[in-house]
Amino acid sequence: MVAPTARVTTIERFILDQEEKYPEATGELSNLLYDIALAAKIIAASIRRAGLVNILGSAGATNVQGEEQQKLDVFANQTLTQALNHTGRVCVMASEEDETIIPVPDNYPVGRYVVLYDPLDGSSNIDVNGAVGTIFSIYRRVTTQGPGCLEDVLQPGCKQVAAGYVIYGSSTMLIYSTGQGVAGFTLDPSIGEFLLSHSRIVTPRVGRYYSVNESNFARWSKGTQWAVRGFHGDRPEEIRGKNSRYIGSLVADFHRNLLAGGIFMYPADTKNRHGKLRLLYECSPMAFIAEQAGGSATDGTRRILDIVPTELHERTPLVIGSREDVGYVADTLRRMGEE
Ligand code: P6P
């Protein structure tokens, strides 16, 4: 509960205050961020009830409103798409759940922004009550008129105008940046508002944690194995050992490391030659947040935000988090001849 005397800043108030610093701002991006925050509240409410489906009827049953019970990731995808597609603020969308780009329906106006999202990342964790998340990435269109197209979507992460994520954990938080630092908001479900809880998130230069799926160790390159063994504490003269923390949900692992300091890795391996995570709607937005918080993000050696995408669902290896730890991995790979 929020004490009545506490200084309460809603996300709407914060976004408006930020917008007022830029005379040229039209308010469109602010409204787009409100749209995403609204979708996040709706998704959060559904996730909170997910465990009840088994009590109220198995998946596929009808819920209390008599609606067909949907898989949560399908529901999250529809919620985000429908929150955005009629507003006149976007020209095209793209989602992890949709094979092709998502056009604005013919009878709606077309705007100048492009929004990409992973509507419910880590959704396999829901059945075990694990943390999951929504990731979003916002660009300005590069084409000049008419419906948005693939060219508007395939932009390098350094062109993002905003990015963020929602983590549905012990509390629901929305973390975002428009390039002026990273702010965090915690949902107070009693009033249905995201309230400012972290006015400026700065991630520690050296992390306490390393997060990687060690069951893939045998499939990694020699350089990756050597770097991770550094995190094990094998070479304290080079780098101090760290605690291992791995939830198997990118948003949850990233969020812990962002606040406490740490490094998350999903390297390429002999099975996933380009890594597992998607560049456009997982790695680029998280890289934007990491850099805005003083951290960094690479594919091992190259800056994630410099990678120019060629396909909508392309994958990339990811090393992200505390700047010195990410640099250590890059130095190790280069020393082992793995550019
Ligand atoms: P693995 C979830 O499925 C996800 O896409 C990310 O959220 C998470 O970081 C990764 O995959 C986990 O993959 O292979 O370790 O189970």
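All ligand and atom numbering here is 1-based and tracks the order in the structure. It should be emphasised that the depicted structure is a prediction, and the values quoted were computed from it without experimental measurement.
- Residues Tyr266 and Glu282 bring no donor and acceptor atom of their side chains to less than 3.5 Å of each other.
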Pairs of nitrogen or oxygen atoms, one from ligand 1 and one from the protein, closer than 3.5 Å: please tabulate them with distances.
unit_1, atom_1, unit_2, atom_2, d
ligand 1, 7 (O), Asp121, OD1, 3.4
ligand 1, 7 (O), Asp121, OD2, 2.5
ligand 1, 7 (O), Leu250, N, 2.8
ligand 1, 9 (O), Leu250, N, 3.2
ligand 1, 11 (O), Lys276, NZ, 3.0
ligand 1, 13 (O), Lys276, NZ, 2.9
ligand 1, 14 (O), Tyr266, OH, 2.6
ligand 1, 14 (O), Lys276, NZ, 3.4
ligand 1, 15 (O), Asn213, ND2, 2.8
ligand 1, 15 (O), Tyr246, OH, 2.5

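- Contact record, Val110 with Cys91: CG1-CB, 3.4 Å, taken as the closest heavy-atom pair.
- Nearest heavy atoms, Phe136 versus Tyr165: CE2-N, 3.7 Å.
- Annotation: ring pair (Phe, Tyr, Trp, His ring centres under 6.0 Å) contacts of His232 (sequence neighbours excluded): Tyr210.
- Tyr22 and Leu33 end up in different hydrophobic clusters when Ile, Leu, Val, Met, Phe, Trp and Tyr side chains are linked at under 4.5 Å.
- Side-chain N/O atoms of Glu238 and Tyr328 include a donor and acceptor closer than 3.5 Å.
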